[in-house]
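Everything on this sheet refers to the single structure shown next.
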Protein chains: 2
Amino acid sequence: MTNKYLTIYNTIVEQIKSGEILPQTLLPSENELTEHFQTSRETIRKALNLLSQNGYIQKVRGKGSIVIDVSKFDFPVSGLVSFKELGQKMGRKPRTIVNELELMKPDGYIRQQLQLSGKDQVWKVVRTREIGGEKIILDKDFLNKKFVPELTEEICADSIYEYLEEDLNLTISFAKKEIVVEEPTDEDRALLDLDGFHNIVVIKNLVYLDDASLFQYTESRHRPDKFRFVDFARRTN
Amino acid sequence: MTNKYLTIYNTIVEQIKSGEILPQTLLPSENELTEHFQTSRETIRKALNLLSQNGYIQKVRGKGSIVIDVSKFDFPVSGLVSFKELGQKMGRKPRTIVNELELMKPDGYIRQQLQLSGKDQVWKVVRTREIGGEKIILDKDFLNKKFVPELTEEICADSIYEYLEEDLNLTISFAKKEIVVEEPTDEDRALLDLDGFHNIVVIKNLVYLDDASLFQYTESRHRPDKFRFVDFARRTN
DNA sequence: GAGTGGTCTAGACCACGGA
DNA sequence: CCGTGGTCTAGACCACTCT
């Protein structure tokens with residue numbers, strides 16, 4: 001038994017995706033939907049707000065809710081995309097190589113990012129991601145040992161996130177992301193297939209848990225030709 | 001006279017920013033806030049949801065709302081940032097050079113992006129953005145003539161957005177953004193200071209109006225060393 | 001003026017966390 | 001168990017658009 005507003009949301013999403021409701025047309029009014037779904041108006045509004053946040057409709061006061069064209073393949077709004085999902089989306093067999101796995105004292109930069117004291121320890125994981133036979137992404141993870149007491153090469157070769165969520169019962173909640181372009185380091189050149197590329201796209205992530213504690217710093221270093229980031233920005237009124 | 005939930009939101013934001021409420025502590029419960037602000041719980045919840053969406057708090061069921069550390073300079077959640085704002089934020093005197101301004105028939109790519117027919121016309125605007133004496137950004141805009149009948153070099157040198165919103169009364173509502181890294185074109189090399197740079201960061205924007213009509217396609221081409229994108233991604237549960 | 005979405009209320013029940 | 005946040009209701013008034 002799921003939420004009422006979520007089922008309404010999903011119903012309408014399906015209608016939009018299937019073309020049952022056409023782009024540029026108006027959704028039934030909130031009052032009509034209230035009757036149709038036999039619920040209260042606030043519940044309908046919750047569903048509509050979700051649709052709006054996810055780019056399916058645009059609400060206009062005094063007019064109605066306009067359906068937006070979602071025909072071109074949209075990913076969902078930018079979020080945490082794991083490497084595994086990414087590979088599946090691209091229809092390629094990804095491969096992960098674990099280059100480094102160690103428990104260490106964080107250096108100054110990591111300590112600052114993760115707001116650690118000198119005594120804390122972190123897991124350092126360096127992994128190469130291979131897609132279609134080419135080494136394209138270098139992932140450097142630093143995980144606070146306080147939350148992840150143990151880590152093995154097998155886990156890292158598979159998916160750290162699955163291990164965290166399924167075995168350790170940690171819930172990743174959100175991340176602050178920063179994207180910059182840098183010159184490749186020697187490490188980048190050694191571990192990635194960078195012939196002829198002079199820049200590298202670095203995505204720095206600070207990952208927070210459920211309870212708002214900061215537990216991981218990640219740098220995902222991408223070869224520029226294989227990098228793509230999609231975002232959906234709604235004007236903040 | 002502004003909204004009640006917005007004033008509550010702003011009040012709490014100020015308290016967090018000023019350090020009156022400390023990171024990692026709990027906000028008063030929704031019931032307590034309801035009493036304190038003399039309002040209903042749903043109104044408090046609206047304010048708290050805004051706080052959560054903007055990264056100030058993390059709500060945890062059965063526990064409360066945890067205040068997140070926002071000390072490191074955060075921009076607001078990624079949005080539409082105009083060049084003028086960007087320059088002001090960086091404390092530099094920006095300069096805009098209009099390289100090209102013409103009314104044209106869109107080519108195939110633009111026609112597809114803006115979903116135009118062959119008969120529609122678009123304004124093409126090419127502008128160079130100079131910060132601190134260096135030409136760093138190349139902006140290429142294509143605006144549907146249907147919405148913008150007239151455009152002058154003066155407007156382009158100042159701010160197109162201000163003209164649209166203040167004079168034409170158009171309301172920009174949201175944008176779909178895509179970030180990729182490309183090799184510089186001859187045009188990039190001619191119009192930007194690119195000595196020694198081998199890549200260019202391209203931000204492609206589809207800009208929609210108030211009523212969900214698609215009216216502008218923009219490419220903002222940045223020198224990689226001056227590019228930075230910050231995002232705040234909340235897990236979609 | 002009729003109809004739309006935006007805000008606000010006062011109350012109810014539920015799911016979850018912690019003591 | 002109590003207190004927390006999550007959902008839902010039925011009703012009210014307002015601001016806006018369209019005709």
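In the text below, chain A, chain B and the rest are named by the order of the sequence lines, each starting its count at 1.
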### Message
Distance check needed: C/dT4 P versus A/Ile44 CD1, whole Å only.
### Response
13 Å
## Note on the structure
Between CD1 of A/Ile57 and C1' of C/dG5 the distance, given in whole Å, is 11 Å
I'd like a list of close polar pairs between nucleotides 1-3 of chain D and the protein, N/O only, cut-off under 3.5 Å.
| unit_1 | atom_1 | unit_2 | atom_2 | d |
| --- | --- | --- | --- | --- |
| D/dG3 | N2 | B/Gly62 | O | 3.1 |

Look for any protein N or O under 3.5 Å of an N or O in nucleotides 8-11 of chain D and output each such pair with its distance, or none.
| unit_1 | atom_1 | unit_2 | atom_2 | d |
| --- | --- | --- | --- | --- |
| D/dC8 | OP1 | A/Lys4 | N | 2.5 |
| D/dC8 | OP2 | A/Tyr5 | N | 3.2 |
| D/dC8 | N4 | B/Glu42 | OE2 | 2.3 |
| D/dT9 | OP1 | A/Lys4 | NZ | 2.8 |
| D/dT9 | OP1 | A/Thr39 | OG1 | 3.4 |
| D/dT9 | OP2 | A/Thr39 | OG1 | 2.2 |
| D/dT9 | OP2 | A/Ser40 | N | 2.9 |
| D/dT9 | OP2 | A/Ser40 | OG | 3.1 |
| D/dT9 | OP2 | A/Thr43 | OG1 | 2.8 |

#### Entry: Sequence-distant partners of B/Ser213, side-chain hydrogen bond (donor to acceptor under 3.5 Å, both in side chains), two or more places apart
B/Asp211
### Task
Could you state the atom-to-atom distance from CG of B/Leu26 to P of D/dG5 in whole Å?
8 Å
### Query
Who passes side-chain hydrogen bond (donor to acceptor under 3.5 Å, both in side chains) against A/Arg41, sequence neighbours left out?
A/Glu30
### Query
In terms of side-chain heavy atoms, does A/Gln58 have a donor or acceptor partner in A/Tyr56 at a distance below 3.5 Å?
no
### Message
If we count only N and O atoms by modelled type, under 3.5 Å, do the side chains of B/Thr34 and B/His36 hold a donor and an acceptor together?
### Response
no
#### Entry: Whole-Å gap separating C1' (C/dT7) and CZ (B/Phe37)
17 Å
### Message
Without decimals, in angstroms, what is the distance between A/Leu50 CG and D/dG6 P?
### Response
14 Å
### Query
So, B/Asn54 versus B/Tyr9: side-chain donor-acceptor pair below 3.5 Å or not?
yes
#### Entry: Non-hydrogen side-chain atoms of A/Met104 and A/Val122 separated by less than 4.5 Å
yes
## Note on the structure
Whole-Å distance, A/Arg45 CZ to D/dA12 C1', equals 14 Å
### Message
In whole Å, I'd like the distance from the CD atom of B/Gln58 to the C1' atom of D/dT4.
### Response
15 Å
### Query
Donor-acceptor pair, A/Gln112 side chain versus A/Tyr109 backbone, under 3.5 Å?
no
### Task
Only counting residues at least two apart or in another chain, list the ones meeting side-chain hydrogen bond (donor to acceptor under 3.5 Å, both in side chains) with B/Asp141.
B/Arg127, B/Gln216, B/Thr218
### Task
Report the residues that fulfil side-chain hydrogen bond (donor to acceptor under 3.5 Å, both in side chains) with B/Lys124, sequence neighbours left out, ordered by chain and then residue number.
B/Glu100
## Note on the structure
Rounded to whole Å, the CD-P distance (B/Glu35 to D/dT4) equals 11 Å
